[in-house]
Number of protein chains: 2
Amino acid sequence: MNSAAAPAPGPEPGAAAEELPGGRARPKTGKSEQTRTLILDTAMRLFQERGYDKTTMRAIAKEAGVSVGNAYYYFESKEFLIQGFYDLMTHAHALDATARMEGVRDFAGRLQISLESWLDCAAEYHEFAAQFFRTAADPDSSLSPFSNESHPARTTAVALFRDVLTGSDLAPKLDTELAELLPDLLWLHLMVVVLYWVFDRTPDTARTREFVRRSTPFAARVISLSRYRAFRPLVRDATGLIQEFILPTIGKSPLPSAEYGAGRRRS
Amino acid sequence: MNSAAAPAPGPEPGAAAEELPGGRARPKTGKSEQTRTLILDTAMRLFQERGYDKTTMRAIAKEAGVSVGNAYYYFESKEFLIQGFYDLMTHAHALDATARMEGVRDFAGRLQISLESWLDCAAEYHEFAAQFFRTAADPDSSLSPFSNESHPARTTAVALFRDVLTGSDLAPKLDTELAELLPDLLWLHLMVVVLYWVFDRTPDTARTREFVRRSTPFAARVISLSRYRAFRPLVRDATGLIQEFILPTIGKSPLPSAEYGAGRRRS
DNA sequence: CAGCTCTTTTGAACACGTTCAAAGAACGAA
DNA sequence: TTCGTTCTTTGAACGTGTTCAAAAGAGCTG
């Protein structure tokens with residue numbers, strides 16, 4: 001949280017290491033990256049097996065066959081071990097959803113598939129994710145889904161929802177302004193579903209699945225109706241609100257403000 | 001989080017002590033309640049002065065002139081010290097907002113006043129609340145705003161928003177179903193504002209205030225328009241979604257489900 | 001090989017939230 | 001008073017996430 005600008009021992013060793021979009025990162029030493037991966041994989045496995053809180057850093061280190069200090073050499077804190085998981089799942093989700101949407105052109109259908117895909121990808125981590133969520137809710141944490149720093153994961157997710165839209169029969173009917181907004185809004189829809197999911201204690205998160213089945217046609221309807229005359233002024237107001245207050249907050253267009261500048265806080 | 005069913009030393013000493021709706025709790029010993037209050041007040045003061053994380057239980061105990069163990073005798077954990085704060089602020093907000101709405105009959109105006117009142121009441125706790133928020137996001141925590149256990153605070157808040165509505169010129173124009181839903185929805189509106197506020201780093205949370213100024217007329221407009229023919233089917237769908245999926249989640253009408261029963265998890 | 005620099009690894013030590021057996025206080029009954 | 005019971009208080013001790021000075025490698029130049 002604090003001490004973000006701590007004097008890193010090595011020159012930013014692993015955590016921020018480029019995982020080039022191409023796929024393979026340059027191996028540099030190879031050994032280093034190997035240790036980092038070993039620690040991360042071990043941590044993920046233990047998180048899944050025992051839950052986040054019950055997995056101690058000592059246990060991770062022991063299981064991975066390294067020292068505690070070494071884990072901290074590669075990961076700034078226990079929280080940072082989650083970031084890897086987050087990125088991983090976002091990628092898996094994007095791939096899975098894209099594959100499952102293949103051939104479906106109905107917008108509501110595509111949206112529903114992509115959300116259900118997320119639920120399936122995340123299913124095995126439900127217990128663990130609930131605890132992770134608490135961490136993500138910290139505004140000071142770089143894990144926050146709204147944090148502007150890092151998180152290419154959000155970009156990946158938004159790109160998926162752009163595909164949900166552009167691959168649908170609804171896309172050509174919308175005006176460009178709304179079409180520009182929608183991917184981010186659909187991502188917000190996912191965030192709401194995630195919130196619902198985190199609190200959902202029904203077996204197999206059945207209730208969240210029901211919620212998805214019901215809310216996607218509704219969303220599709222709202223978007224579809226927004227084209228009609230009667231709704232224009234309302235839509236105009238809504239888009240204004242979103243563009244000015246929501247998107248800047250989630251790291252879109254850093255907002256032309258001069259007045260709300262730089263509010264650097266904390267020492 | 002775990003060990004919720006720990007063998008309490010005393011018979012549920014302070015944390016869950018009846019604060020009878022009447023007002024004054026029965027003093028029993030008097031001394032006990034006094035110690036409890038002392039610890040709570042000290043904690044609140046230190047939280048406000050140094051922030052939640054930087055205030056240690058040892059510091060609270062020392063400052064209050066008791067032992068660490070004693071603090072744990074009255075409060076199950078550090079988190080539980082916050083509950084008192086939460087309840088307190090909710091009450092203060094309800095009183096302040098009600099007073100400030102006096103004489104105003106315009107719905108958007110009343111809504112705006114009540115939200116701005118919250119921002120004012122919470123202002124001095126902004127830093128502290130951000131950290132508190134992380135805790136509240138834990139579904140397993142009783143501090144979660146959605147938790148069904150305890151939290152008369154939510155009831156108080158919803159009652160305030162019911163007053164926002166019924167005291168306005170809009171109230172008589174709405175059908176009863178919608179009027180029944182609205183207090184909870186307006187409370188959700190507050191939750192969104194709180195979310196925005198927690199992440200807001202502008203000086204004096206100016207951006208959140210702007211957000212409130214813009215979003216309240218919009219909300220009023222949406223509600224107002226919902227009466228017209230063209231919007232009926234949409235409104236019907238929306239209310240259905242809300243009644244079935246949102247309200248039950250926030251502790252309203254425990255949901256007639258048999259199928260999603262009881263999902264007791266964790267040991 | 002020696003010497004140097006940079007990266008990687010170690011594990012003891014620190015501060016924290018929390019627990020618990022034991023001690024003390026309060027108070028009524030005998 | 002003296003005992004017995006219950007409520008209250010204590011502080012050492014445990015397990016945790018995290019830090020840090022120091023050691024060990026790794027790769028280089030001479």
Side-chain angles (χ1 to χ4, degrees), chain A residues 1-15 17 27-39 43 46-47 50-62 64-82 131 134-135 138 141 143, chain B residues 1-15 17 26-39 43 46-47 50-62 64-82 131 134-135 138 141:
Chain A
M1 199 256 301
N2 49 5
S3 71
E12 283 300 310
K28 198 156 189 170
T29 326
K31 180 71 188 317
S32 180
E33 190 65 19
Q34 204 172 317
T35 307
R36 184 177 184 275
T37 304
L38 170 66
I39 293 171
L46 294 188
F47 285 161
R50 319 178 183 176
Y52 182 70
D53 284 341
K54 285 196 192 134
T55 304
T56 71
M57 289 300 281
R58 284 169 180 80
I60 295 170
K62 189 172 203 174
V66 301
S67 69
V68 230
N70 202 9
Y72 278 91
Y73 179 73
Y74 288 101
F75 298 93
E76 214 172 283
S77 74
K78 195 182 174 187
E79 292 185 6
F80 273 70
L81 283 165
I82 302 180
Q131 291 166 316
R134 179 187 43 193
T135 296
D138 186 345
S141 166
L143 286 178
Chain B
M1 204 265 295
N2 49 4
S3 73
E12 283 299 310
R26 66 176 191 289
K28 198 155 191 172
T29 326
K31 180 71 189 316
S32 179
E33 191 64 20
Q34 204 172 316
T35 308
R36 183 178 185 275
T37 304
L38 171 65
I39 293 171
L46 293 188
F47 285 161
R50 319 178 183 176
Y52 182 70
D53 284 341
K54 284 194 193 138
T55 303
T56 71
M57 289 300 281
R58 285 170 180 79
I60 295 170
K62 189 172 203 173
V66 301
S67 69
V68 233
N70 203 9
Y72 277 92
Y73 179 74
Y74 288 101
F75 298 93
E76 211 171 287
S77 74
K78 195 181 174 187
E79 292 185 7
F80 274 71
L81 283 165
I82 302 181
Q131 291 166 317
R134 178 188 42 194
T135 296
D138 186 346
S141 166

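Quantities reported herein were computed from a predicted structural model and do not represent experimental measurements. Just so it is clear: chains get the letters A, B, ... in the order the sequence lines come, proteins before strands, and each one is counted from 1.
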Next item on the list: Can you tell me the distance, in whole Å, between the CG atom of B:Leu81 and the P atom of C:dG17?
Entry: 11 Å
Next item on the list: Would you verify whether the NZ or CZ of B:Lys78 falls within 45 degrees of the ring axis of B:Tyr52 while also being under 6.0 Å from that six-membered ring's centre?
Entry: yes
Margin query: From the set D:dT8, D:dG17, C:dT9, return the single nucleotide nearest to any side-chain atom of B:Tyr74.
Written below: D:dT8
Checklist line | Any donor-acceptor N/O pair under 3.5 Å between D:dG15 base and A:Arg58 side chain | finding: no
Next item on the list: For A:Glu33 and C:dT7, give me the distance from atom CD to atom P, rounded to whole Å.
Entry: 15 Å
Item checked: Spatial distance of atom OH (B:Tyr73) from atom OG (B:Ser32) [nearest 0.5 Å] -> 6.0 Å
Margin query: Of the listed nucleotides (C:dG11, C:dT19, D:dG17), which one gets closest to any side-chain atom of A:Val68?
Written below: C:dG11
Note to self: For the OH atom of B:Tyr74 and the CD atom of B:Glu33, what is their distance to the nearest 0.5 Å?
What the structure shows: 8.5 Å
Checklist line | Side chain of A:Thr56 (C-beta onward), nearest among D:dT10, C:dT9, D:dG17 | finding: D:dG17
Check: Once you round it to whole Å, what is the distance between P of C:dT9 and CZ of A:Arg36?
Finding: 13 Å
Next item on the list: Considering just the side-chain nitrogens and oxygens of A:Tyr73, establish if one lies under 4.0 Å of OP1 or OP2 belonging to C:dT8.
Entry: yes
Note to self: Both A:Gly69 and A:Tyr52 contact DNA chain D. Taking the nearest nucleotide for each, which residue is further toward the 5' end?
What the structure shows: A:Tyr52
Note to self: Does a side-chain N or O of B:Ser32 approach OP1 or OP2 of D:dT8 to a distance below 4.0 Å, or not?
What the structure shows: yes
Next item on the list: Could you check if a side-chain atom of A:Met57 sits within less than 4.5 angstrom of a side-chain atom of A:Leu81, using non-hydrogen atoms only?
Entry: yes
Next item on the list: Measure the distance from NZ on A:Lys78 to C1' on C:dC16 and round it to the nearest whole Å.
Entry: 14 Å
Next item on the list: Provide, to the nearest angstrom, the distance between the CD atom belonging to A:Glu76 and the C1' atom belonging to D:dT19.
Entry: 13 Å
Notebook entry, point to check: Please give, in whole Å, the distance from D:dA13 C1' to B:Tyr72 OH?
Noted result: 14 Å
Checklist line | Interatomic spacing from CD1 in A:Ile39 to CD1 in A:Ile60 - rounded to 0.5 Å | finding: 9.0 Å
Item checked: Nearest-angstrom distance from the residue atom CG of B:Asn70 to P of D:dC7 -> 15 Å
Next item on the list: Indicate the atoms forming the closest heavy-atom contact of B:Lys54 with B:Arg50, along with that distance.
Entry: CB-O, 3.4 Å
Next item on the list: Counting heavy atoms from C-beta on, name the nucleotide in C:dT10, D:dT18, C:dT9 closest to the side chain of A:Thr35.
Entry: C:dT9
Checklist line | Axis bend over the full length of the helix from C:dC1-D:dG30 to C:dA30-D:dT1, computed from five pairs that close each end, to 10 degrees | finding: 30°
Margin query: What is the separation between atom CD1 on B:Ile60 and atom P on C:dG17, rounded to the nearest whole Å?
Written below: 8 Å
